[in-house]
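The block underneath contains the structure these notes are about, expressed in structure tokens.
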Amino acid sequence: MNFPQGGVAQLGLLDEAAPDRGWHVRQSARARRLAVRVLPGGLVEIVVPNGTRPRTVEMFVTRHRRWIERTVDLYRPAEMPAEGALPEAIRFPATGQSYMLLRIA
């Protein structure tokens with residue numbers, strides 16, 4: 001795959017399919033196979049070995065699209081707070097714990 005300097009390229013197919021999500025393809029000299037990572041915040045990174053063809057990446061993403069979308073949904077916050085606003089509580093659904101935040105002036 002021919003990537004610009006720095007090894008990061010946008011894959012047009014993914015940008016069209018998910019314009020509101022961050023997707024990027026990263027070429028790695030250490031990679032031995034294609035891999036997908038979903039990072040906190042929902043950024044999807046496809047790591048590919050040097051020389052991988054764009055069509056191979058597209059087929060890989062197509063095969064794994066359902067898993068990617070489910071995983072991105074797990075990283076998406078349940079509710080989006082207003083810009084700069086602090087939440088009233090921090091909730092941990094996995095453990096059922098909740099902590100109220102106190103504002104100290």
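If you're wondering where the values come from, they're calculated on a predicted model, not measured in any experiment. What you see below is based on every heavy atom in this structure, not just the backbone, and it leaves out hydrogens, waters and symmetry mates.
- The distance from the CD atom of E58 to the CZ atom of R53 is 13.0 Å, given to the nearest 0.5 Å.
- The nearest pair of heavy atoms linking A31 to P49 is O-CB, 3.4 Å.
- Counting only heavy atoms from C-beta outward, the side chains of I46 and R26 never approach each other to under 4.5 Å.
- Note that CG of L34 and CZ of F60 are 5.0 Å apart. Values are rounded to the nearest 0.5 Å.
- No side-chain donor-acceptor contact under 3.5 Å links T52 to the backbone of V48.
- In this structure, the separation between CZ on R37 and CG on L39 is 5.0 Å, given to the nearest 0.5 Å.
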Candidate pair V61 and V36, rule side chain to side chain contact (heavy atoms under 4.5 Å, CB included), full reasoning: CA-CA 8 Å; V61 171; V36 60; over 6 Å; no
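- By the 4.0 Å N-to-carboxylate-O rule, E69 lies too far from R66 to be salt-bridged with it.
- Within a 6.0 Å sphere centred on CD of E88, other residues, nucleotides and ligands contribute 12 heavy atoms or fewer.
- In this structure, F92 is a member of the same hydrophobic cluster as L101, with clusters built from ILVMFWY side-chain heavy atoms closer than 4.5 Å.
- Each of W67 and V47 belongs to its own hydrophobic cluster when Ile, Leu, Val, Met, Phe, Trp and Tyr are linked at side-chain heavy-atom distances under 4.5 angstrom.
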